[in-house]
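Some notes on the structure that comes next.
Atoms considered below: every heavy atom in the structure, side chains included; atoms not considered: hydrogens, waters and symmetry mates.
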Amino acid sequence: MSNIVIITGGSKGIGNALAKKYSSENYIVYSLSRSITGNKNLKEISINLLDFHSATSSFSLLLDEINLQHPKSVTLINNAGRLGEISNLENIPSDDINASILLNTTIPLAFSGIFIEKLKNSNCIKKIISISSGAATKPYNGWSVYCSSKAALDMMTATIAQEQSEISNGVKAYGIRPGVVDTNMQTQIRETSIDHFKNVQRFIDLKENKELYTPEFVAKRVYQLDTSNKLVNGETIDLRNV
């Protein structure tokens, strides 16, 4: 019986590092992303997560396929996200707000709901791991949408755990704040003018002082915490504190 992991945004950054790590540990890994890396060890599915109806339909069909495999465990990792335009809220276009909330909050909610429904009759181990951010608990000028969307993700984790705890073989839900990681998102942050993001120098200093985590380090830690049962159902932990 196989262990299966589904990762949103699995082609870049933390998502790609997670896909490679779980694959190297003999998991069947489905990577859902717009771009395809060509990694033969992954089952890559091209999905535009900003196309809500197409994405949810494709995800539903994927879970139908997975159900037929009678896996030992299935884990959904809600990793895909976007920072969006960095500026005070009144300066951010409505379309950009919509895209950030859709990718950071709506898709994880919808995918998690579909995941729970489709696997409700499966006897396998079922887990949802959502990649959150320290921004969920700390407000930053210029990040109103990102902070809000990640805070919502943490509450989703807590609520799923509470709901599913009342169900036999329910889904376990966990959240992880990975810390400051050297990804394209960090590049975007450092390139933002101080007029739009007052904390920009802090992130420039983190890069120059080599204080950023690598995606590979984060993936290794997530895998270790996941497989050693050190994650707590309903809680979102910060990798910097464990």
Between Asn233 and Ser165, do the side chains contain a donor N or O and an acceptor N or O under 3.5 Å apart?
no
If you look only at pairs with a residue in residues 226-242, which of them pass as a salt bridge (charged side-chain N to carboxylate O under 4.0 Å, His left out), with sequence neighbours excluded?
Lys127-Asp226, Asp238-Arg240
In Å and rounded to the nearest 0.5 Å, what is the CG to CD distance from Leu18 to Glu216?
10.0 Å
Distance-only, no hydrogens or angles: does the Ser60 side chain make a donor-acceptor pair with backbone N or O of Thr56 under 3.5 Å?
no
Do Asn39 and Asn16 have side chains that get closer than 4.5 Å, going by heavy atoms?
no
Between Leu239 and Val218, does a side chain to side chain contact (heavy atoms under 4.5 Å, CB included) hold up when you go through it step by step?
CA-CA 8 Å; Leu239 284 188; Val218 171; 3.9 Å; yes
All salt bridge (charged side-chain N to carboxylate O under 4.0 Å, His left out) counterparts of Lys118, not counting sequence neighbours
Asp64
Could you tell me the separation between the CZ atom of Phe59 and the CD1 atom of Ile107, rounded to the nearest 0.5 Å?
9.5 Å
Going only through I, L, V, M, F, W and Y residues with side-chain contacts under 4.5 Å, is there a path from Ile125 to Tyr27?
no
Taking it one step at a time, do Leu231 and Ile129 satisfy side chain to side chain contact (heavy atoms under 4.5 Å, CB included)?
CA-CA 10 Å; Leu231 298 174; Ile129 299 174; 4.3 Å; yes
Check: Leu225 and Ile237 side chains under 4.5 Å, non-hydrogen atoms
yes
hydrophobic_cluster_shared for Leu68 and Leu63, side chain cutoff 4.5 Å
no
I need the Ser87 OG to Ile92 CD1 distance, nearest 0.5 Å.
6.0 Å
Does a side-chain heavy-atom distance below 4.5 Å link Leu102 with Leu50?
yes
Nearest 0.5 Å, please: how far is CG in Leu62 from CD1 in Ile66?
4.0 Å
Smallest heavy-atom separation, Ala161 atom then Gly234 atom, equals CB-CA, 3.3 Å
Can you name the nearest heavy-atom pair linking Gly84 to Ser100, along with the distance?
CA-OG, 3.6 Å
For residues Ile77 and Tyr22, report the shortest heavy-atom separation together with the two atoms involved.
CD1-CE1, 4.0 Å
Is the side chain of Asn169 donor-acceptor paired with the backbone N or O of Cys124 at a distance under 3.5 Å, no angle test?
yes
Donor-acceptor under 3.5 Å (Lys126 side chain, Leu119 main chain)
yes
Under a plain distance cut-off of 3.5 Å, with no hydrogens placed, do Thr8 and Asn79 share a side-chain donor-acceptor pair?
no
Student check: side-chain heavy atoms of Leu42 and Tyr30 closer than 4.5 Å
no
Calculate, to the nearest 0.5 Å, the distance between atoms OG1 and CG belonging to Thr159 and Leu109 respectively.
9.0 Å
Do any pairs count as a side-chain hydrogen bond (donor to acceptor under 3.5 Å, both in side chains) and have a residue in residues 41-55, sequence neighbours left out, and if so which ones?
Thr37-Glu44
Just verifying a value: how many Å separate Ser33 OG and Ile47 CD1, rounded to the nearest 0.5 Å?
9.5 Å
Do the side chains of Lys21 and Glu25 get close enough for a salt bridge, i.e. N-O under 4.0 angstrom?
yes
Please evaluate residues Asn78 and Ser112 with respect to the criterion side chain to side chain contact (heavy atoms under 4.5 Å, CB included), reporting the C-alpha separation (whole Å), side-chain torsions for both, the decisive distance (0.1 Å), and the verdict.
CA-CA 8 Å; Asn78 289 311; Ser112 296; 3.3 Å; yes
Return a table of donor-acceptor pairs under 3.5 angstrom between the side chains of residues 139-152 and protein atoms on other chains or two or more places apart.
residue: Tyr140; atom: OH; partner: Arg202; partner atom: NH1; Å: 3.3
residue: Ser148; atom: OG; partner: Ser144; partner atom: O; Å: 2.7
residue: Ser149; atom: OG; partner: Asn104; partner atom: ND2; Å: 3.1
residue: Ser149; atom: OG; partner: Val145; partner atom: O; Å: 3.2
residue: Ser149; atom: OG; partner: Tyr146; partner atom: O; Å: 2.9
residue: Lys150; atom: NZ; partner: Ile131; partner atom: O; Å: 2.9

Please set out all donor-acceptor pairs under 3.5 angstrom arising from side-chain atoms of residues 171-179, sequence neighbours excluded.
residue: Arg177; atom: NE; partner: Ser133; partner atom: O; Å: 3.4
residue: Arg177; atom: NE; partner: Asp154; partner atom: OD2; Å: 3.4
residue: Arg177; atom: NH2; partner: Asp154; partner atom: OD2; Å: 2.8

In this structure, would Ile14 and Val242 fall into the same cluster of hydrophobic residues linked by side-chain contacts under 4.5 Å?
yes
Linked, directly or transitively: Ile28 and Val222 (ILVMFWY side chains, under 4.5 Å)
no
Is the side chain of Ser2 donor-acceptor paired with the backbone N or O of Ile4 at a distance under 3.5 Å, no angle test?
no
Where is the tightest heavy-atom contact between Ser23 and Val29, given as atom of each residue plus distance?
N-CG2, 3.6 Å
By salt bridge (charged side-chain N to carboxylate O under 4.0 Å, His left out) - contacts of Asp96 (at least two apart)
Arg82
Counting C-beta onward and ignoring hydrogens, is there a side-chain heavy-atom pair between Pro71 and Asn3 closer than 4.5 Å?
no
Same apolar cluster (I L V M F W Y, side chains within < 4.5 Å links), Leu103/Leu83:
no
Closest non-hydrogen atom pair between Leu49 and Gly9, with its separation
CD1-N, 4.3 Å
Within-4.5 Å side-chain heavy-atom neighbours: Ile97 and Leu89
yes
Determine whether Met156 and Ser130 satisfy the following criterion, side chain to side chain contact (heavy atoms under 4.5 Å, CB included), listing intermediate values before the conclusion.
CA-CA 9 Å; Met156 179 195 79; Ser130 297; 3.4 Å; yes
